[in-house]
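Have a look at the structure below, then the notes.
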Amino acid sequence: MTGTDTTALVEGMPRHVAIIMDGNGRWAAQRGKSRTHGHRAGASAVRKAVAFARRNNIDALTLFAFSSENWGRPEKEVNLLMELFIAVLKREVPQLKKNGVRLNVIGDISRFSQRLQERIQAAQAATAEGTDLVLNVAANYGGRWDIANACQSLARQVQAGTLDPSDIDESAVAGALSLADLPPPDLLIRTGGDIRISNFLLWQLAYAELYFADILWPDFNDHTFMEAIDCFMRRERRFGLTSEQRQQLLAGI
Ligand code: IPE
Ligand code: IPE
Ligand code: MG
């Protein structure tokens with residue numbers, strides 16, 4: 001590696017990074033291979049990204065693996081992706097456990113096969129004690145689904161008489177969404193060159209810094225990850241305030 005490895009905690013580093021891992025199909029096409037070949041190569045890039053996040057003391061990494069819209073792809077590709085999930089979960093869990101990584105799958109997993117659902121539950125249970133890194137994998141996830149799902153859960157509490165509609169404020173909605181137990185992502189990275197969110201964490205990304213890279217996901221490496229973080233660290237996050245106010249807040253004035 002080319003001097004991109006920072007092992008010490010650096011102030012201003014993102015605590016939570018989300019990644020839209022895009023470009024597997026194009027990566028394979030460039031090599032005259034099938035899209036499934038690209039997805040396999042993409043799985044190796046995931047391992048690298050997780051190792052990087054651990055080494056750099058990032059608290060949470062949230063990866064978009066399969067969107068609610070990806071069901072519309074050719075059946076053969078969807079089936080391969082499901083098989084790949086099962087294989088990767090089986091293969092990687094011992095290492096995740098050893099490295100203190102807690103796996104958490106977000107999305108509507110009820111649409112997956114029984115076998116895959118069981119594998120997900122087992123992987124989550126096996127890594128539940130991990131404290132070094134939370135690895136959220138978004139599978140059959142959609143930001144709109146997430147918000148609709150949160151509405152349903154709040155409506156049920158109203159129906160049960162445990163919640164008053166006037167208490168449904170931003171924090172109540174946030175608490176009913178995926179990733180409610182984590183601070184929202186500080187940085188969103190999307191590979192593959194497209195500049196869009198594609199129904200990822202719509203609510204949670206409200207104040208994330210966005211970083212778009214042309215590199216295709218299977219080529220993602222420590223250098224790209226560090227470039228995104230360097231760019232993040234040079235930005236001023238104002239959260240609606242003036243620059244002067246932010247400076248004063250940061251200086252503790
Ligand atoms: C991202 O790569 C992986 C998934 C969406 C599952 P793509 O498969 O979207 O690759 P491109 O964008 O077609 O190159
Ligand atoms: C976003 O990629 C979803 C994942 C990376 C899992 P897509 O390839 O599905 O997004 P679009 O179709 O280019 O918006
Ligand atoms: Mg794509």
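The analysis underlying the following values was restricted to heavy atoms, covering all of them including side chains, and did not include hydrogens, waters or symmetry mates. Please read all numbers here as calculations on a predicted model, not as lab measurements. The first residue in the sequence is number 1, and the count goes up from there. All ligand and atom numbering here is 1-based and tracks the order in the structure.
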Looking only at heavy atoms, which two atoms of [X] and [Y] are closest? And how far apart?
{"X": "A28", "Y": "G38", "value": "CB-N, 3.6 Å"}
{"X": "V101", "Y": "T127", "value": "O-CB, 3.3 Å"}
{"X": "N136", "Y": "N104", "value": "OD1-ND2, 2.7 Å"}

**OP:** Pick one of side chain, backbone, both or neither for how F66 approaches ligand 2, counting any non-hydrogen atom pair under 4.0 Å.
**Re:**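 Contact part for F66 vs ligand 2: backbone (N, CA, C, O).
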Original post:
In ligand 2, which numbered atoms sit nearer than 4.0 Å to a non-hydrogen atom of I20?
Top reply: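 Contacts of ligand 2 toward I20, numbered from 1: 1 (C), 5 (C).
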Subject >> Co-members of the apolar cluster containing F239 [side chain, <4.5 Å] >> reply: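 Same cluster as F239: Y207.
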Original post:
Given a cutoff of under 4.5 Å between side-chain heavy atoms of I, L, V, M, F, W and Y, with clusters grown through shared members, what are the other residues clustered with L249?
Top reply: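 Cluster partners of L249: L241.
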Original post:
Can a protein heavy atom be found under 4.0 Å away from atom 8 (O) of ligand 2?
Top reply: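 Yes, there is one.
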Original post:
Which protein atoms of type N, O or S are found under 2.8 Å from the Mg ion (ligand 3)?
Top reply: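 Sorted hits: D22 OD1.
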**OP:** Please confirm whether G23 comes under 4.0 Å of ligand 1, counting heavy atoms of the residue only.
**Re:**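 Heavy atoms of G23 do come under 4.0 Å of ligand 1.
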**OP:** Tell me, please: is A65 in heavy-atom contact with ligand 1, that is, under 4.0 Å?
**Re:**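 True for this residue.
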Checking the N or O distance criterion of under 3.5 Å, is ligand 1 in contact with [X]?
{"X": "N70", "result": "no"}
{"X": "G25", "result": "yes"}
{"X": "R35", "result": "yes"}

Original post:
Does one side chain, of R190 or S198, offer a donor that lies under 3.5 Å from an acceptor on the other?
Top reply: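 There is such a pair between these side chains.
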Original post:
Polar-atom distance check: D194 versus ligand 2, any N or O pair below 3.5 Å?
Top reply: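 N/O-N/O distance below 3.5 Å does not exist for this pair.
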Subject >> Sub-3.5 Å N/O-N/O distance, S67 and ligand 2 >> reply: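 Between S67 and ligand 2, no N or O pair is found under 3.5 Å apart.
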**OP:** Ignoring hydrogens and angles, tell me if any N or O in the side chain of R54 forms a donor-acceptor pair with the backbone of N99 under 3.5 Å.
**Re:**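 Such a contact is found between R54 side chain and N99 backbone.
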Original post:
Do any N or O atoms from the side chain of W217 and from the backbone of G42 form a donor-acceptor pair under 3.5 angstrom?
Top reply: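 Checking the backbone N and O of G42 against the side chain of W217, a donor-acceptor pair under 3.5 Å is found.
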Original post:
Which residue supplies the protein heavy atom nearest to atom 13 (O) of ligand 2, what is that atom called, and how far is it?
Top reply: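 For atom 13 (O) of ligand 2, the nearest protein heavy atom is R196 NH2, 2.8 Å.
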Subject >> Nearest non-hydrogen protein atom, atom 5 (C) of ligand 2 >> reply: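 The protein heavy atom lying closest is M21 O, 3.5 Å.
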Subject >> E69, R26, Q30: member with heavy atom nearest to atom 11 (P) of ligand 1 >> reply: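 The option holding the nearest heavy atom is R26.
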Subject >> Sequence neighbours excluded, every pair satisfying side-chain hydrogen bond (donor to acceptor under 3.5 Å, both in side chains) that has a member inside residues 147-163 >> reply: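 Only Q152-R156 qualify under side-chain hydrogen bond (donor to acceptor under 3.5 Å, both in side chains).
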